[in-house]
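What you see is a predicted model, and the numbers here were worked out from it, not measured in a lab.
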Amino acid sequence: MGVKAEMGGDNDKTSSSCDEMLDRIWSAPSWKSYLAIMVLMGAWLATPTVVYMTAFAGINPTSDNKWTCISKECTDLVANNSSLLSQFPCKLTKEVDGKTELLLMSSDIEWEMSHSSFAVDFDLNCDVGSTRELKTLLSSIFFAGALTGLIVGGYLFDHIGRKRSALVGYFIAVVITLLGTFCHNYYFLLAIRFFQGIGCFLIATSMYILTSELLPAKYRNYANGWAQCLWALGYPIASGVGYFVKDWNYMFLAAAILLFVFNIQVFFCIESPRYYLMKGDAKSAKKSIEALAALAGTKFGLENTELVDLGKAQEREQSFWQQVVELCSYPGLLLETSILMFLWFFLGMSYYGFNFGWGSIVPNRYLGYLAASVGELIAYISAVPLIARIGRRRAMMLMFVGAAIFYLIAIPEVKLGKNTDWTLESVSCLIGVIFISGCFSGVYLWTAELAPTSHRGFVFCVSSSSARIGSFMGPYIFNNLKHITHKAVPLGGLAVLALLCALGSFILVETGDKETALTGEDVVARRKSYRYRI
């Protein structure tokens, strides 16, 4: 194990790294330790319901939905022209000061729909004026909040700890989502979506970092796959909430309950010993290791053990500005962080662009999300043995190329049968998102291993923030751009970007067979000894 002993009579001292300690702890873990690690990722099961809530809570009425007048203005209008009752209200417009406005607003009519909808309540259900953009903003603003949360989290993760950061996110996410139960104003809903993004991504990211730091390298791939599978299993939960909860305000109540229940473990989890080591707190680091060992059924004392990682940590000051200085001082660290940011940006844009657009890509939004769940489960389950077999780097290259191919296949206008609404685009996009999901799974794992402990929170922050910028753009690209140009524009552009991501993956290094880097200096040393092969 690389453990050194110094003989000194009754006080024999040993020295060991954190990686070596984790290898010892997880050499024969108990079922309780497996269960604890699985439960830590609970945020990944609850978050999809919050992310995609607007897809279910803001359904537009169609020409098949009947409507009746509820205002005097509407009643008088229909009395003078009874043929209006057979027309679709979204087609009834008027010109006011040179602007096109609806003739009948939500205050004038009542729709016969199986579910209530904020799109109807806030007059966002018709593509008149800027209504499409305002509705899309409710989806995209979530990722603006996530970006803000990650910027704040980049500081919190490395300065107050992974666990405390998760607690901050927990309270924000639960309380803000609960407020959606009482929301009856567009701008209030916009604010709720923004703060939901802050809270949810603070929890999910901090708990992912914490979990990856409690495990040795050989288990991280499986824990990562488990987290991604929980995310995919969150889709049926989101679809179930959207389908069975008829009132859109109560959908927020259901989501708040899910967040409360599936994240309760943040109060009881063990803080990362690597975080304490970077803070120079050997005593707390040892307590975390001993608590983890007790959970795994591998009890041992560390009174006479020196953690060698502490020496490197004591040579530097852990601060935000020190992280920035080291990022600029170590070209290898800067290069890898920049490539990771590009990969995350592309994945966020394409992944969330698809997942907010299933209502227009496939015939039934509920089946679309269920199909996406199955596709992502296939991707995540397949990614684990693929990564274990050929490594992080080669697996990422392969999956990016696969995504590019199916984006190109989706461009032609081909209908798959006379009596179906399914098209070549529908099927190709469902297959393409399998590759994208696999890449998302891989990039989470790869980022955790490429980033040194001194910068792990920082690198996750800037990388995931790049994904949130892409996530903000994705719904606009899929919901708006293809309608004003041609679907070949977004799909062809994504294919090119996917190939560039494959090239970026080639430049990065394989990490599955290497010890976790502690500082930027370790990253530079790792790159110097690396030999590039396809």
Side-chain angles (χ1 to χ4, degrees), residues 16-48 157 160-171 173-174 200-234 237 258-277 281 283-302 307 380-381 384 388 441 444-445 448-449 453 456-457 460 516:
S16 180
S17 69
C18 190
D19 279 332
E20 291 167 344
M21 286 291 181
L22 291 177
D23 283 334
R24 288 176 59 190
I25 290 172
W26 289 95
S27 59
S30 67
W31 66 269
K32 290 189 295 183
S33 56
Y34 282 122
L35 181 61
I37 292 297
M38 293 168 69
V39 170
L40 283 180
M41 296 291 196
W44 290 68
L45 185 62
T47 302
F157 299 152
I160 70 171
R162 286 57 162 140
K163 179 178 179 177
R164 289 178 181 174
S165 299
L167 285 169
V168 172
Y170 178 84
F171 285 110
V174 172
C200 287
F201 274 83
L202 269 179
I203 304 173
T205 306
S206 56
M207 293 306 288
Y208 184 91
I209 296 173
L210 173 60
T211 305
S212 68
E213 291 182 339
L214 293 176
L215 293 169
K218 64 181 180 180
Y219 284 113
R220 289 185 203 131
N221 181 28
Y222 301 101
N224 178 71
W226 170 249
Q228 308 302 330
C229 285
L230 286 179
W231 181 272
L233 290 172
I237 296 177
L258 289 173
L259 287 170
F260 177 83
V261 173
F262 287 120
N263 291 294
I264 198 72
Q265 69 278 1
V266 300
F267 289 97
F268 314 107
C269 64
I270 301 168
E271 179 59 278
S272 167
R274 297 184 190 277
Y275 162 72
Y276 286 129
L277 286 173
D281 188 350
K283 183 177 180 181
S284 296
K286 289 181 179 180
K287 285 185 177 179
S288 286
I289 293 172
E290 288 173 345
L292 184 61
L295 182 66
T298 314
K299 297 182 180 180
F300 55 89
L302 299 176
L307 297 173
Y380 299 144
I381 293 172
V384 171
S441 175
Y444 263 98
L445 174 64
E449 295 181 341
T453 303
R456 190 161 294 120
F460 255 105
T516 303

Any side-chain heavy-atom pair from [X] and [Y] closer than 4.5 angstrom?
X: Leu202; Y: Tyr170; value: no
X: Cys269; Y: Met207; value: yes
X: Arg274; Y: Asp19; value: yes
X: Lys163; Y: Val266; value: no
X: Val174; Y: Asn263; value: no

[X] to [Y] - nearest heavy-atom pair and separation:
X: Arg162; Y: Glu271; result: N-OE2, 3.1 Å
X: Ser165; Y: Gly161; result: OG-O, 2.7 Å
X: Cys200; Y: Ala173; result: N-CB, 4.0 Å
X: Ile203; Y: Gly169; result: CG1-C, 3.4 Å

How about CZ on Phe260, more than 12 heavy atoms from neighbouring residues, nucleotides or ligands closer than 6.0 Å, or not? no
Return yes when atom NZ of Lys32 has more than 12 non-hydrogen atoms of other residues, nucleotides or ligands closer than 6.0 Å, and no otherwise. no
Rounded distance [0.5 Å steps], [atom1] in [X] versus [atom2] in [Y]:
X: Thr47; Y: Leu259; atom1: OG1; atom2: CG; value: 6.5 Å
X: Met41; Y: Cys229; atom1: CE; atom2: SG; value: 11.5 Å
X: Asp23; Y: Cys18; atom1: CG; atom2: SG; value: 10.0 Å
X: Ser27; Y: Leu22; atom1: OG; atom2: CG; value: 11.0 Å
X: Ile270; Y: Glu290; atom1: CD1; atom2: CD; value: 11.0 Å
X: Leu210; Y: Thr205; atom1: CG; atom2: OG1; value: 12.5 Å

By the definition ring-ring contact (aromatic ring centres under 6.0 Å, His included), identify the one residue from Tyr380, Phe201, Tyr208 that meets it with Trp44. Tyr208
Does Arg220 use its side chain to pair, donor to acceptor, with the backbone of Leu445 at less than 3.5 Å? no
Determine, stepwise, if the pair Phe157 / Phe460 fulfils ring pair (Phe, Tyr, Trp, His ring centres under 6.0 Å). CA-CA 9 Å; Phe157 299 152; Phe460 255 105; 8.1 Å; no
Start with the C-alpha distance between Asn224 and Ser441, add both sets of side-chain angles, then the distance that settles side-chain hydrogen bond (donor to acceptor under 3.5 Å, both in side chains), and finish with yes or no. CA-CA 7 Å; Asn224 178 71; Ser441 175; 2.9 Å; yes
Go through the steps for Glu213 and Ser272 under the test side-chain hydrogen bond (donor to acceptor under 3.5 Å, both in side chains), then give the verdict. CA-CA 6 Å; Glu213 291 182 339; Ser272 167; 2.6 Å; yes
Determine the interplanar angle of the Tyr219 and Trp26 rings, folded into 0 to 90°, and report it as parallel if under 30°, tilted if 30 to 60°, perpendicular if over 60°. tilted
